[in-house]
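If you read the sequence from its start, that first residue is 1, and numbering goes on from there.
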Amino acid sequence: MSTNGTGITLDPVTFEVLKNSFITTVDQMAEQILRTCYSFVIYNRDFSSALNDANGDSIAQGNMDIAVHVGTLHYTCKAVIDTFKDDMRPGDVFMTNDPYAGGTHFNDVRIIRPVFVGDEIIAFAQSNGHWSDVGGSTPGSFDVLAKEMFREGIRITPTRLIDAGKWRHDFAEMIAANTRDPESIIGDMNAQAEATRVAEREILRLVEKYGKDTVVTGCKEVQDYVELATRQRIAELPDGTWENVDYIDRDPALGEGMIPIKVKLTIKGDEVTYDFTGSHDTISTLYNSAFGGTFSAVVAGMKTYFPDLPLNSGFYRPINVIAPENSIVDAKWPVAVTGFLMPFEKIMNSIYEIWSDIMPERAIACAFNLEYLLTGGRDLRTEDRNIFMFYDWLPGGWGGRNGKDGCNVTTACFGTGLMTQPVEGQERLCPIIANEYQINTDSPGPGRWRGGAGVVKTSTLQDAESTVISYICDRERAIVWGIKGGLPSMPHGLYIQRKGKNEREWLGSIFSDVPIESGDIFSRPTAGGGGLGDPLERDPALVMRDVEDDYVSIERARKDYGVVLKVIDLDLASYEVDVEATRTERAAIAKARRSWLEEDGATVAERYRNGELDEFDMVRRYGVIVDWGTGEYFPKTTAEFRTMMKKRSAAHWNDAIAELDQAAE
């Protein structure tokens with residue numbers, strides 16, 4: 001394999017044509033996958049594609065690719081190059097899912113094709129798809145009991161899938177046989193491999209039109225262009241250092257108490273350094289991130305503040321990442337990493353808050369946490385009692401923004417290209433029906449600019465047997481937070497109501513392999529985004545509009561915003577702001593709210609167990625964290641949560657509001 005550089009400098013027109021052709025090529029790969037994939041998960045866009053140069057660096061990403069993937073695809077390509085070096089031939093295609101070689105987790109399987117002109121590799125086409133099952137101890141391959149990767153499924157180190165144009169059926173069948181849905185796995189392998197063929201075709205078409213040297217130069221210069229633009233933007237910002245911390249809910253081996261992920265951002269000249277020194281060691285469950293996932297989180301978080309720049313390896317060059325080895329942000333083999341998405345989103349939201357200080361005009365509060373529901377068993381609707389895999393995720397709310405409310409019912413920040421799965425398709429494929437799927441009232445974190453709304457989805461297991469359910473989420477305790485005076489959202493978690501029972505059981509936000517039976521009902525809400533700014537400064541007319549739209553209840557309008565509404569016609573959702581009562585209520589809240597955060601946590605927890613307080617009161621007024629099922633008080637977690645809330649919320653409250661009612665009197 002040879003890599004050849006040229007001294008050609010492209011004219012502006014050719015440069016723009018090639019730059020956009022590279023992106024369009026990746027988008028064409030996506031269209032190929034959508035039309036040929038077997039998996040409902042991939043069909044709903046849990047996949048990404050990339051075009052890499054001969055060194056493995058990223059040339060282009062697609063317009064709908066998933067943020068969590070794109071910052072890792074160059075590492076995967078380089079791993080294939082390092083493994084096979086000169087042992088690549090035209091027609092070869094390679095496969096890997098190795099998170100310890102720059103990937104994400106085992107479900108994200110990458111298929112990579114070198115693009116040859118003669119005997120020279122000029123590029124690589126890469127397709128990444130999330131396979132709904134890769135084996136392991138639980139359906140869906142997310143096992144919360146996993147401390148090491150051996151319970152998480154098959155690890156595919158860089159391996160040849162197609163050898164000089166010949167499909168290696170023995171290898172492909174071996175991989176598929178280690179999963180719970182081998183037919184779909186083989187189908188998706190083919191779909192991804194054919195997507196890389198589409199990219200190869202398009203690159204060779206460009207070579208035929210413009211010549212090899214021009215295309216190779218274009219691959220280099222699009223990266224140089226993005227690097228230069230990124231460095232210029234960074235250099236325009238003030239030098240300085242900013243620090244932040246967010247938390248994973250718990251380490252099961254350590255009892256209650258949250259797990260810190262610390263980040264220090266330093267701008268110096270035209271470079272940015274993200275230092276994770278001080279972050280917790282790896283933990284005894286799957287919520288660890290290898291370095292690739294951490295780097296991708298940094299890229300995704302920072303890219304949000306530079307939305308107009310194309311994304312390729314040129315964007316990565318001014319970024320330095322320091323991640324302590326064997327920490328939760330740089331896990332090494334064989335530590336379990338399938339749940340890397342949980343530290344990923346904490347990193348992204350921490351970076352959002354830091355950049356909100358650097359670029360206040362683009363400020364945004366914390367977004368809801370991605371969640372995965374995985375249910376697997378035998379489908380009794382079919383004669384052969386086939387294995388079914390119900391793999392679901394929900395949208396939720398993003399954080400309030402500077403001058404705007406947060407986005408309602410939006411895909412998680414880990415990848416906004418991801419689609420919400422239609423229940424009609426799910427019900428056709430799996431013996432599970434949706435009873436309820438609607439806006440989750442009161443989920444938006446209160447603020448002058450409230451967070452976006454989450455949803456609640458309730459489902460019933462139908463004709464099935466040998467079925468288990470797993471739930472992979474977080475922010476049951478490190479609850480979605482507001483900034484600059486804004487308030488938190490609500491806890492994530494899942495309830496189950498057993499057939500014939502009237503009471504619901506709280507299972508929380510992380511569990512695996514819980515048996516369920518036909519007729520059992522399970523329900524989970526997603527949080528809204530955190531609020532931005534003091535909620536007592538929100539225009540009462542906007543609060544009333546939120547009540548009209550069922551984003552906020554009448555009760556929480558009074559408790560969280562101090563807005564008292566008169567009901568004119570409940571059926572018509574017609575209300576009127578009681579101006580005097582609102583002024584009095586807001587003054588009373590402003591006077592009392594700092595003291596609420598100092599009340600004895602155990603006493604507050606007792607009031608929750610007695611039914612006097614609900615989870616919104618606990619989180620938004622008192623900052624007290626409990627087991628939301630039993631009411632058990634968590635003193636260490638509460639102390640950590642209150643520290644965050646005092647920094648992000650209370651430090652920015654407008655105490656002058658407490659004096660308004662007295663002045664009016």
Side-chain angles (χ1 to χ4, degrees), residues 40-41 106-107 131-148 150-153 178-182 184 249-250 252-253 284-287 336 338-339 371-394 421 423 426-427 429-436 456-474 476 491-526 627-630 632:
F40 200 55
V41 170
F106 300 107
N107 296 77
W131 293 0
S132 59
D133 188 274
V134 288
S137 56
T138 64
S141 311
F142 285 77
D143 185 353
V144 305
L145 299 178
K147 297 180 181 180
E148 296 181 330
F150 309 109
R151 298 174 66 102
E152 297 186 298
N178 279 276
T179 75
R180 292 172 176 82
D181 189 7
S184 292
D249 281 346
R250 77 203 88 171
S284 63
T285 186
L286 71 170
Y287 289 176
T338 295
E371 49 90 71
Y372 282 142
L373 176 69
L374 306 104
T375 307
R378 293 283 182 175
D379 187 349
L380 298 184
R381 300 175 305 171
T382 62
E383 183 176 348
D384 295 333
R385 299 189 307 117
N386 296 328
I387 293 176
F388 75 91
M389 266 298 309
F390 181 80
Y391 194 153
D392 195 25
W393 58 80
L394 295 180
Q421 299 182 55
V423 297
Q426 291 178 325
E427 291 172 354
L429 294 170
C430 301
I432 294 173
I433 63 169
N435 309 51
E436 171 192 31
V456 59
K457 184 175 183 179
T458 302
S459 305
T460 301
L461 180 66
Q462 298 288 91
D463 300 325
E465 68 179 12
S466 304
T467 306
V468 295
I469 186 171
S470 302
Y471 193 56
I472 309 301
C473 190
D474 205 59
E476 180 183 356
H492 274 276
L494 182 143
Y495 292 95
I496 189 166
Q497 182 177 341
R498 300 292 184 177
K499 182 179 180 179
K501 303 290 184 180
N502 295 323
E503 298 296 323
R504 298 194 305 173
E505 177 186 356
W506 173 260
L507 296 184
S509 64
I510 176 171
F511 56 85
S512 289
D513 271 1
V514 173
I516 58 173
E517 304 291 339
S518 297
D520 288 351
I521 300 170
F522 45 93
S523 178
R524 82 262 198 207
T526 60
D627 181 305
W628 304 108
T630 66
E632 177 189 357

Exercise. Backbone N or O of Ile521 within a donor-acceptor pair of the Thr460 side chain at under 3.5 Å?
Worked result: no
For this session: Under the ring pair (Phe, Tyr, Trp, His ring centres under 6.0 Å) rule, collect the residues that match up with Tyr495, sequence neighbours excluded.
Result: Trp506
Problem set entry | Value rounded to 0.5 Å, distance of OG1 in Thr467 from CD in Glu517 | 7.5 Å
Exercise. Can you tell me if Glu427 uses its side chain to pair, donor with acceptor, with the backbone of Ala434 under 3.5 Å?
Worked result: yes
Problem set entry | For Phe142, ring pair (Phe, Tyr, Trp, His ring centres under 6.0 Å) partners two or more places apart | His105, Tyr372
For this session: Indicate yes or no for a side-chain donor-acceptor contact from Asn386 to the backbone of Asp379 under 3.5 Å, with no hydrogens or angles considered.
Result: no
Exercise. Mind checking whether Met389 and Val41 have side chains closer than 4.5 Å, heavy atoms only?
Worked result: no
Problem set entry | Donor-acceptor pair, side chain of Ser141 and main chain of Gly136, under 3.5 angstrom | no
Problem set entry | Carboxylate-amine/guanidinium contact Arg524 Glu371, below 4.0 Å | yes
Problem set entry | For Asp133, all residues meeting salt bridge (Lys or Arg N to Asp or Glu O under 4.0 Å), sequence neighbours excluded | Arg180
Exercise. Roughly how far apart are Ile516 CD1 and Phe522 CZ, rounded to 0.5 Å?
Worked result: 5.0 Å
Exercise. Is the side chain of Asp249 donor-acceptor paired with the backbone N or O of Glu476 at a distance under 3.5 Å, no angle test?
Worked result: yes
For this session: Might you confirm whether atom CD of Glu148 has over 12 heavy atoms from other residues, nucleotides or ligands at distances under 6.0 Å?
Result: yes
For this session: Name all residues meeting the side-chain contact (heavy atoms from CB on, under 4.5 Å) criterion together with Thr285; count only those two or more places apart in sequence or in a different chain, and write none if there are none.
Result: Val144, Pro252, Ile283, Tyr287, Ile510
Exercise. Do Ser518 side-chain atoms and Ala464 backbone N/O form a donor-acceptor pair below 3.5 Å?
Worked result: yes
Exercise. With sequence neighbours excluded, what pairs up with Ala146 under the side-chain contact (heavy atoms from CB on, under 4.5 Å) test?
Worked result: Asp143, Arg151, Glu152, Ala336
Problem set entry | Short side-chain to backbone donor-acceptor contact, Ser184 and Asp181, under 3.5 Å | no
For this session: Would you please test Leu507 and Tyr471 for side chain to side chain contact (heavy atoms under 4.5 Å, CB included) and show each step?
Result: CA-CA 9 Å; Leu507 296 184; Tyr471 193 56; over 6 Å; no
Exercise. In Å and rounded to the nearest 0.5 Å, what is the CD1 to OG1 distance from Ile472 to Thr338?
Worked result: 9.0 Å
For this session: Applying side chain to side chain donor-acceptor pair (under 3.5 Å), name anything that partners Arg504, two or more places apart in sequence or on another chain.
Result: none
For this session: To the nearest 0.5 Å, tell me how far Ser459 OG sits from Ile496 CD1.
Result: 11.0 Å
For this session: Give a yes or no on whether a salt bridge exists between Lys499 and Asp520, defined as a side-chain N under 4.0 angstrom from a carboxylate O.
Result: no
